[in-house]
Amino acid sequence: DDMKLAVTTSFHNSGLSDILLPALTEDTGIEVQLLVVGTGQALRLGEAGDVDAILVHSRAAEEAFVEAGYSTARREIMYNDFILVGPLADPAQAGQATSIRDALWAISGGTAPFVSRGDDSGTHKRELNLWDTAGMNPVNADWYRATGSGMGAALNTAAGMGAYILTDRASWLNFGNKDGLMVIFEGDEALFNQYAYLKVSPELHDHVQAMTAARLEAWLVSDRAAELIDGYEIDGQKLFTFNAVR
Amino acid sequence: MSDIWEGLRAAAWLLISFDADLWEITLRSLRVTLTALLIACVIAMPLGALLVLRRFWARRFVIALLNSLMGLPPVVVGLIVYLMLSRSGPFGVLNLLFTPTAMVIAQVIIITPLIASITHQALRELWSEYHDLLISLNTSIFQRVRTLLWDGRRTLLTAALAGFGRAIGEVGAIMVVGGNIDNATRVLTTAIALETGKGDFAMALGLGMVLIGLAVTVNLAIHWLTGTERAGRW
Amino acid sequence: MSDIWEGLRAAAWLLISFDADLWEITLRSLRVTLTALLIACVIAMPLGALLVLRRFWARRFVIALLNSLMGLPPVVVGLIVYLMLSRSGPFGVLNLLFTPTAMVIAQVIIITPLIASITHQALRELWSEYHDLLISLNTSIFQRVRTLLWDGRRTLLTAALAGFGRAIGEVGAIMVVGGNIDNATRVLTTAIALETGKGDFAMALGLGMVLIGLAVTVNLAIHWLTGTERAGRW
Amino acid sequence: MVTSILPLRLDRAFVKRRGKMLAGPVDLDLTGDGVTILMGPNGAGKTTLLRMMHGIERLSGGTVTWAADEETARAAQSFVFQTPVIMRRSVLENLMYPLRLTGVAKAAARKRAEDACAMIGLAGQEGQRATRLSGGEKQKLALARALIRDPQVLFLDEPCANLDGASTREIETLLQAAAGRGTGIIMSTHSIGQAKRLARDMLFMNRGRLIEHSPADVFFTSATTPEARAFLNGDILE
Amino acid sequence: MVTSILPLRLDRAFVKRRGKMLAGPVDLDLTGDGVTILMGPNGAGKTTLLRMMHGIERLSGGTVTWAADEETARAAQSFVFQTPVIMRRSVLENLMYPLRLTGVAKAAARKRAEDACAMIGLAGQEGQRATRLSGGEKQKLALARALIRDPQVLFLDEPCANLDGASTREIETLLQAAAGRGTGIIMSTHSIGQAKRLARDMLFMNRGRLIEHSPADVFFTSATTPEARAFLNGDILE
Ligand SMILES: Nc1ncnc2c1ncn2[C@@H]1O[C@H](COP(=O)(O)OP(=O)(O)OP(=O)(O)O)[C@@H](O)[C@H]1O
Ligand SMILES: Nc1ncnc2c1ncn2[C@@H]1O[C@H](COP(=O)(O)OP(=O)(O)OP(=O)(O)O)[C@@H](O)[C@H]1O
Ligand SMILES: [Mg+2]
Ligand SMILES: [Mg+2]
């Protein structure tokens, strides 16, 4: 059985898909074709019925998707966390902060640029949300650089500029161009990053592989998947935590 | 800098180890590009010849339009093709989205104006040479097109090679319509974009070098086969 | 389908409302592309002419190489330029990364082979016509290049326009070296890619249409200024 | 021959370019039996006039009409250009080209082309690139290519300019034979000797105007215009 | 003139293409005072030989040497091609081109080009596109362009093929004047009359070989080879 699944770049770049998909095929015979795109584009692919299911991390957008009838339900699968990455020298001293809020305040001093995804992706939305809760609106500041690109490209840009950037842990650990960058701040609860799985509703598109998508969902919340997700490590660091409600 | 060396090393390693994945995506790149090139040539070359031959009122406009279409942003082409082939689009039932066929369609749209423009330019001289004779011999428009294309075949090589180059290196459109699906629509350029996104520059460069090597090989082979530069004027 | 209409509507709206952002990125697109085009022409056209004139041993190889380089994958070019200009790269001190200058550099690398190839092809006929005379008149190589470029200027238009087209529609390389930074290096194509990624297809198409409109305008203006199709053979 | 496309009639036909009258206005009836020779100084408009008759020069005014419909008329004419147009093919392929256009089978076309090749003394050079031929050989090739379709009317624009004495004589014999078979021949030349040998009718042009049209014997003994007399004397015409 | 680039010496020089001997091997000394005329049937190799002398045909063997060094020798020659090479510029710009190459100032070049234009009877057509000239006008333009630099040696390949009688005579006068001023003239032609009028020395070629080199009076009265005698009779040479 073939099915198409649209996922976000951050999920794919984490490398988890390379662990999960072979196991999935082994267990169920399902061949998943991954489309790695931005969150917005993933949702559009789902709306058009060009994919059978999506796996993204942008709660508000997902709920709107369900609301509009494109999917019957949103199923939370797992989470990882966002981290703040920046130059080794940490010119803003954001590393000494005790909360993400303080870290952002430090960065807003403007000693080094801050790179934003600027592409309406899940990560970008979260970042804006964090600034908001910190009570700031840096979008027009000269040290704030909205790049409008994917996670990897934005990380490359940050590396090139020696800038701070908010990223998810999985992308960071898998990122190859870490030169001059390091993790500056991590561990705040506000950095929690939930991934959810949404089957495209066959009501609107009768050709979607609803059965296969359902079987995939069942597998994703299975013990086998839980084991694989919780067991996935890079450099000894656990990346994802399985939290599906069964 | 060291990345570039590592890229070279990665390329060498990929080639030596005869990596099966590499082999597959390289072949797919070639297949998609050559198919698109063939189709585009069949459309664009007669079109370019016709634009040389026919002096209709909108000719200048069509030429300017073709020249502008050389600048069609691939992403936009990709998007339009996507919208056409999407399940909710007019050709959704054909189920072509995220297949190599969709990639071929996008490529054809992108390179046809380029090939037609260069063809037009290349055949202008030939036509000004042949004009009197072909008119005098009372040739049909079809015969004229055939004669120009045949006798100008050597000069059309650049048109085809430019089209090939543009297609084989293109990523924006085929990313959108192909989806860069592993084992199905991943080609060299989309793989490079993927590795770049991962920050794995050595791998990206390695694949890039394979791609450049492929282009050089194809070009040298074609030059050698057609003997363009050996045979003087023809 | 409806997206396409919405795209047209978005384009119209962007234009009518004289959107300041749109204005800015459009101007930047034009500035970057025209600068790159100018530099590339200055390099590529004499080079193309030289390849017609000089029959040195590696000539055929250089031509095949140029033709292959037409297929340089933009992403790879972007990557190499990135590595060169990045802080840890050899030209890092110049601090050019993520500036329009970096984008110009990448564009120049991408379009120079294309322009040189088409120039080479366009001037071959002219040289075979002038060959005897220019040799007989004992011209220097420099004089020959000048004569070919001048007398062939009309046929070189296609080369320049192909270069313009490729540059204005390109996204892969300038995304990597420019970073698509708002208010600094965002141009039409990167904005389109961004909107596509966001899933805002109507906006992406709208911008795409603005871009195509821009290309058509530039082309029509050039055709009109040079009067290529009016004046017969020259 | 099925229907004759002759006579040819020009009615106030002229060609003007950039405000300059290149040829005409010309009123002319050509019955076309035998050889008609067109003479005149350089730049007089001979080439332009021949091209007007053949229909490959856009008229600025007036008409050119044949006795047959357009399609028949066009198919029954051939033209040998002042500067031969040589296709970038082999000698043989150049000769086969007009035949292949009208659907003659490849083998038959090849046979006829080989014969034509021998006729113009290029036997043995069939496979050579025609663009590499010598100046005179190109002219002969163009002539043979024009004759190969057996046209009813043959236009020749200084076809012997680059030919040696012997070739010129051969070509003249060939043309006289064709004229004898009923082909209408209209030809420009600068050689008064050649005109005297071939012409039955003479046309004379100066500065774009056709100022004499008379039988050859009349023209060479008692041309009416002073320009024609001066030209025959080898004087410079102003 | 500073140093004379003459005499010209050819030493077993030949040109072979695709196994075919186009011209040579030729041994020849040309002192070059007066007019040397090269004759021979079509395809004999006249054009090839002239181009070998001028140094624009790649030799397959042998040598061509001038009395001066390469650079001086090349700068002091001009060539009028059988098919005139016309630049895609105006008539005046075509004439100015060789002057501008050698650094003559624009105004001076323009003046001299205008004079040359008048000399060949193209006054009033200075601004016309040269590619649109008539066949004869193109030949005259090419000739004037070759003369404008005042070369020591002038090669002409059938320069009067498309010229009317009066123009031919004018050109001949011009060439004789140049020869009188010491310009070496080497010219091919198919017109025996023209050869008789101009030649001081005669060269005769057949099938790529130079088989006669003699003073004009000797050649025309008592050519030694049967080929030359047959050619002068207008017979076909095999
Ligand atoms: N497009 C043009 N614009 C201006 N003048 C032109 C154009 N085309 C041709 N002429 C001029 O028209 C005149 C007639 O040209 P044509 O070729 O008919 O002469 P011709 O009698 O064949 O001369 P020749 O004996 O030299 O071949 C020439 O003076 C030529 O320069
Ligand atoms: N590249 C080539 N390969 C084979 N044969 C060639 C080549 N170039 C020229 N020839 C032949 O060489 C012969 C000599 O040519 P050339 O042009 O020197 O003759 P020519 O004496 O000037 O004749 P014409 O009086 O017709 O101008 C011709 O028969 C021509 O076909
Ligand atoms: Mg003429
Ligand atoms: Mg010759």
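Naming: A, B, ... by sequence-line order, numbering from 1 per chain. Since this is a predicted model, take the numbers as computed values, not measurements.
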Checking an interface table here. Which of residues 133-150 of chain B come within a heavy-atom distance under 4.5 Å of chain D?
B/L133, B/L134, B/I135, B/S136, B/L137, B/N138, B/T139, B/Q143, B/T147, B/W150
Measuring heavy-atom distances to chain B, does D/F79 have an atom under 4.5 Å in its side chain, in its backbone, in both, or in neither?
both
Check: B/H131 and D/V85 side chains under 4.5 Å, non-hydrogen atoms
no
B/E129 versus D/R88: any side-chain heavy-atom pair under 4.5 Å?
yes
Proximity breakdown for D/F155 and chain B, heavy-atom pairs closer than 4.5 Å
neither
In D/H54, D/R51, D/Q82, the residue satisfying side chain to side chain donor-acceptor pair (under 3.5 Å) with B/D132 is D/R51
Take a 6.0 Å sphere around CZ of B/R54 and say whether it holds more than 12 heavy atoms from other residues, nucleotides or ligands.
no
Can you pull out the residues in residues 106-119 of chain D with any heavy atom less than 4.5 Å from chain B?
none
Over 12 foreign heavy atoms within 6.0 Å of CZ, D/R74
yes
Part of D/E57 within contact of chain B (heavy atom distance under 4.5 Å):
neither
